[in-house]
Enquirer: 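Okay, here's the structure, questions in a sec.
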Amino acid sequence: MEKNSEILKEITCPADLKKLDYEQIEILCQEIRNRIIDATSQNGGHVGPNLGVVELTVALHIAFDTPQDSFFWDVSHQGYVHKLLTGRNDERFEKIRQSNGLSGFLSREESKHDAFGAGHAGTALSAALGRCIARDLNKKDEHVVAVAGDAAFTCGITLEALNNIASSTKRFILILNDNEWSIAKNVGAFSKYFNELITNPAYTRLHKDAESFLTQVPGGPSLMKFLSKAKRDTKELIAPSSIFEKLGIRYLGPIDGHDVQSLVRFFEFAKTSDEPIVLHLLTQKGKGFPVALEEPEKWHGSGPFDKQTGQSKPSSPTSPPKYQDVFGECLSKLAAENENIVGITAAMPSGTGLDALHKAIPERFFDVGIAEEHAVLLAAGMATGGKLPVCAIYSTFLQRAYDPIIHDVCLQNLPVTFCLDRAGLSPNDGPTHHGLFDISYLRCIPNGIIMQPKDEDELQDMMATGITSGSPSFVRYPRGEGVGVKRKHKPVPLEIGKAEILREGTTCSIWAIGDFVQTALHIADYLLEKYGIKISVVNARFIKPLDEENLLKHAESHQYIVTLEDNVLMGGFGSSILEVFEKNNTSIAVKRFGWPDQFIEHGNSVHELRSKAGLDQQSLTKSIEAFLLIEDQLATPIFA
C-alpha cells in the first residue's frame, strides 16, 4: 500500500489496518477526520464526539478482531469511525442519518461488526458484562470491550454495572473515554473525581513509569502486569486507591487517547489481564476541527454547516421560533414572577431550551447529568418542599424514569410539570430518539394531566396550566420550529380537560392533537372546496382528561369520528376516544390515524417518514375520503 495513496479508500475491513505502519496510520486518521467533516457538513450529525475518538477507534481495531471480539459503545453516537473501518465507507456514509443512508448510531441490523445497538447513554457496561457472562458460560475466549464516556458515569445504570463486574467475570475491558463533556459540560462529583485522577501526580508518575518500561524493554506485557500489581500494592502509601480498584477493577491511566501506538500497547496489555481492567483515556472532543474544539456543546450534534468556516447553513430569517426556545423563554418569565418555580434537566440544557433559565436565574436551574430517574425523584422531593419543579426531558429519555413518574410523582399527586421535547419524530436520529410512545405510557397513570399544543402560543398556555394545576402534568411538543403564530405576552392557564372546537360541521368530526390540528384544518378546507362537505375540527388540547362532554355531543350530531395523533396507535389518543364511547355505550364509526406497532426508521424529514406511513396530508385526505365513502355517496343528501 503506497504511503501517499488515499489510504481510507483501501480499508475494506479492520484487517486492512494491521497492514499499515504508524506513518500511514497518522495519515489515515486525518483522512477519517476529513471524511467525517465532509459528510456531516452536508447532513449534520455528531461531529465533536466522532472527531474525538478517531485514534481510539483505529487502535481498537488494530488490537482486536471484530466481529469475533465485541465492542460496546455507550450511546454509540461516536460510531462513525467504526463504521468507516468496517466496510461502510460507501455512498451510505454520504447519506448518514438520511433516508437510505447509514444510521447515526450503531445497529445490529446494519453490520455484523455492531455487537450492540444503542442511542441512549449508560448502556455499554451492563450490555458488555452480559456478553462477558455469555462468553464465560459458553467457554469461549473472545474479548469484550466497553467504551464509555466520562459522562456515562453520572448514569445510574453504569454504576449498577460497575458494582457487578468483578463478581461476575474475570475478563472485562473498559475504555473510559474522558473528554470532560457529554453534550453539555459534565456536572457532579464524578466529573470532579475524574479530574482529580488526571491531575494526581502519583497516578501520573506511576503510569509514565509503566509506559517507559513498555517502550524500552522486551516482554512489555509481562512487565506491565508486574508493574501494575506493584502499583496496586504500594500506591496506597502515596495516593488513595481509585474507586475502580475498590470495586475490583484494575485501573490504568491517564493515557493519551490520541497516540495510536501507545493505545495499541495498552490494549494489547488489557487483553492479557486476568481481572477486569479500566483504561482511562484522555481525548479532545472535536479534535482536528478548530471550531468544534472552541464550542464542544454546539458541535456535539450539528445541522449542516460550512466546513471551511463552521457556520451553520442559513435558515430563513422569517422562520418561526423553535418550540424549545419558546419553552425556555416562557419558563424564565414564569420563574421571574414565581420564586417557587425551578427547572431541572438531565444533561440537556441547550437541547431543551432550559439554558435560558440558567442564564436568567442560575440558582433555580439544576442539571443533574445523565440521570433521568434522579431528575424525576429530585423534582418530587422539591415538590414536597413547596417548590414547583419543571422537568425538561426529551420524550424518548423520559422513558428511563418511568418508575419514579408512577411511584414518586403521580402516586403522591405532586405538582411536577414535565415538558417533553421531541414528542413525535426525530427524523435523522431514528428509532432510538423518536418520541412516539409517551401518550401510551403516560395515559394509564392516575392523577396525570397530559396536553399537547397546536402551536407555540398554546405551548405557553399549557406550561402555565401545568404549573398552576397542583397535579402532575405532562406537556408534549415536537422538535423544531413552531407554526409562526403571534404569542401572547403573558400565558393564560387553560380550563383543564376542555377542547377547542375550531370548526363546526356535520357528518364527520376530526379530533386532532399537536401539529396534526393544522393538517385537520387543511383537510377540512379541501373537502369543503371539493365536495361542499363541512367537517368539524377539534383541537383536543387535553389527551387526559378528555373533553368527554363535547366528544359525546359530536358523537350524537355526526356519523363519523376521525382521530389524528403523533404517537403509536396502541394505547394512544385515539384509543382513549374509543374507551369513552365504550364506557358510554355509544356506537359510532371511528377511524384512528397514528403510528403502527413497529419501530420507525430514520429519514430525511418528518414529511418523508409520515408519507411512508400514510400520515402526510395527502395520504390522510385520501384515507378519510375512503372512510367517508364520499365517491359512493355524492348523489345522496348525507353530506349536505
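These numbers come from a predicted model, not from an experiment. Values reported hereafter were calculated over all heavy atoms of this structure, with side chains retained and with hydrogens, waters and symmetry mates removed.
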Enquirer: Dump the intermediate steps for side chain to side chain donor-acceptor pair (under 3.5 Å) on S440 and N567, then the final yes or no.
Expert: CA-CA 8 Å; S440 302; N567 190 82; 3.0 Å; yes

Enquirer: Are D114 and W73 linked by a side-chain donor-acceptor pair shorter than 3.5 Å?
Expert: no

Enquirer: Are the side chain of S76 and the backbone N or O of L106 linked by a donor-acceptor pair below 3.5 Å?
Expert: yes

Enquirer: Between T352 and D421, does any side-chain donor sit less than 3.5 Å from a side-chain acceptor?
Expert: no

Enquirer: Under 6.0 Å from the ring centre and within 45 degrees of the ring axis: does the NZ or CZ of K83 meet both conditions for the six-membered ring of F93?
Expert: no

Enquirer: Ignoring hydrogens and angles, state whether a donor on the side chain of Q324 or R479 is under 3.5 Å from an acceptor on the partner side chain.
Expert: no

Enquirer: Given the side-chain rings of H280 and F244, with only the six-membered ring counted for Trp, is the space between their centroids under 6.0 Å?
Expert: no

Enquirer: Please indicate whether K140 has more than 12 foreign heavy atoms, meaning atoms of other residues, nucleotides or ligands, lying under 6.0 Å from its NZ.
Expert: no

Enquirer: Between D74 and T123 (side chain of the first, backbone of the second, donor and acceptor by atom type, cut-off under 3.5 Å), is there such a pair?
Expert: yes

Enquirer: Please check if the side chain of H358 supplies one atom and the backbone of P349 the other of a donor-acceptor pair under 3.5 Å.
Expert: no

Enquirer: Can a donor-acceptor pair be found, under 3.5 Å and without considering hydrogens, that links the side chain of T169 to the backbone of F172?
Expert: no

Enquirer: I want to check something: taking the side chain as every heavy atom from C-beta on, are L398 and L420 in contact at a cut-off of under 4.5 Å?
Expert: yes

Enquirer: H434 and S426: side-chain donor and acceptor closer than 3.5 Å?
Expert: no

Enquirer: Output yes when a side-chain donor or acceptor of K285 lies under 3.5 Å from a complementary backbone atom of A292, and no otherwise.
Expert: no

Enquirer: Scan side-chain atoms only and decide if H82 and T66 contain a donor-acceptor pair under the 3.5 Å cut-off.
Expert: no

Enquirer: Judged by modelled atom types alone, do R92 and N100 share a side-chain donor-acceptor pair under 3.5 Å?
Expert: no

Enquirer: Using a distance-only test with no angle check, is there a side-chain donor-acceptor pair under 3.5 angstrom linking E160 and N164?
Expert: no

Enquirer: With under 30° as parallel and over 60° as perpendicular, where do the rings of H433 and F105 fit, or are they tilted in between?
Expert: parallel

Enquirer: Are any side-chain N or O atoms of D259 and backbone N or O atoms of S262, one a donor and one an acceptor, separated by less than 3.5 Å?
Expert: yes

Enquirer: When you check the gap from the basic side-chain N to the acidic O, do E94 and R35 get nearer than 4.0 Å?
Expert: yes

Enquirer: When you check the side-chain N and O atoms of D178 and T283, is any donor under 3.5 Å from an acceptor?
Expert: no

Enquirer: Consider only side-chain N and O atoms of S350 and D355, and report whether a donor and an acceptor are under 3.5 Å apart.
Expert: no

Enquirer: Output, in order, the C-alpha distance, side-chain angles, deciding distance and verdict of side chain to side chain donor-acceptor pair (under 3.5 Å) for R171 and H143.
Expert: CA-CA 8 Å; R171 295 174 54 228; H143 299 289; 3.2 Å; yes

